[in-house]
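To keep things clear, I will list the structure first and then write my remarks on it.
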Amino acid sequence: SGAPLPQLPIPEESVIETCAVVPDDREHEVNQAVVRELPDGSPCILFLQGDTDAEDSMFSWRFTRLKASGWTNPVTIAETDNFFDAADLEVEVRNGRTYLNAYLTVGGEPDSQALLGDRYASRGGDIARFTSSNSGLSWSEPVWLKQQGVNERFNDPQVVRDAPAVSTAP
């Protein structure tokens, strides 16, 4: 809400009331939040949300940003199958336009080394880039950067700023 917080220590109720962006309840648990600053100085958040108790759970990669009127309604970018998949968000300015690049871990199949019934066996999967050129209102179709192979899963993509251009990604 932007209201100043009271002196430390801050009671939990004050933190929730003043700082909560997305409700985190049993049906909408939040994980893997990535916070970035947009060129206008306002924050934006990429996060994973879903119900970890549901059988055959699917989780949503979602995006929200702070505007003068408050946080925007979160937009779903993609779905994934594990609450511990990871992502990174890049804010890129090119030719005076802002592009948001969300690098998301999506999908994932247990490999031959996985223990039967291991709920974390599907963590990781393919890495895809989704791009928005309209401040996160809508996102492109995925550009697949790495796709899993036999006994191979990818997780925890990280954007390395100012790195030498050696990528062969599309």
Report yes or no: do L66 and L137 belong to one cluster of Ile/Leu/Val/Met/Phe/Trp/Tyr joined by side chain heavy-atom distances under 4.5 Å?
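Result: no, two separate clusters.
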Same cluster (ILVMFWY, side-chain, under 4.5 Å), Y99 and I45
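Each belongs to a different hydrophobic cluster.
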Write down the atom of [X], the atom of [Y], and the distance for their closest heavy-atom approach.
X: D85; Y: W61; answer: O-CH2, 3.7 Å
X: W139; Y: A102; answer: CZ3-CB, 3.9 Å
X: R129; Y: S140; answer: O-OG, 4.4 Å

What residues form a salt bridge (charged side-chain N to carboxylate O under 4.0 Å, His left out) with R65, not counting sequence neighbours?
D40
By salt bridge (charged side-chain N to carboxylate O under 4.0 Å, His left out) - contacts of E79 (at least two apart):
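None.
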Any side-chain heavy-atom pair from [X] and [Y] closer than 4.5 angstrom?
X: V91; Y: P39; result: yes
X: L100; Y: L46; result: no
X: L145; Y: Y103; result: yes
X: T105; Y: I127; result: yes
X: F63; Y: V34; result: no
X: T80; Y: L104; result: no

Is it the case that the side chain of S132 and the backbone of S138 share a donor-acceptor pair, with hydrogens and angles ignored and the cut-off at 3.5 Å?
yes
Between atom [atom1] of [X] and atom [atom2] of [Y], what is the distance when rounded to the nearest 0.5 Å?
X: L89; Y: N101; atom1: CG; atom2: CG; value: 8.0 Å
X: C44; Y: W71; atom1: SG; atom2: CH2; value: 8.0 Å
X: N31; Y: F59; atom1: CG; atom2: CZ; value: 9.0 Å

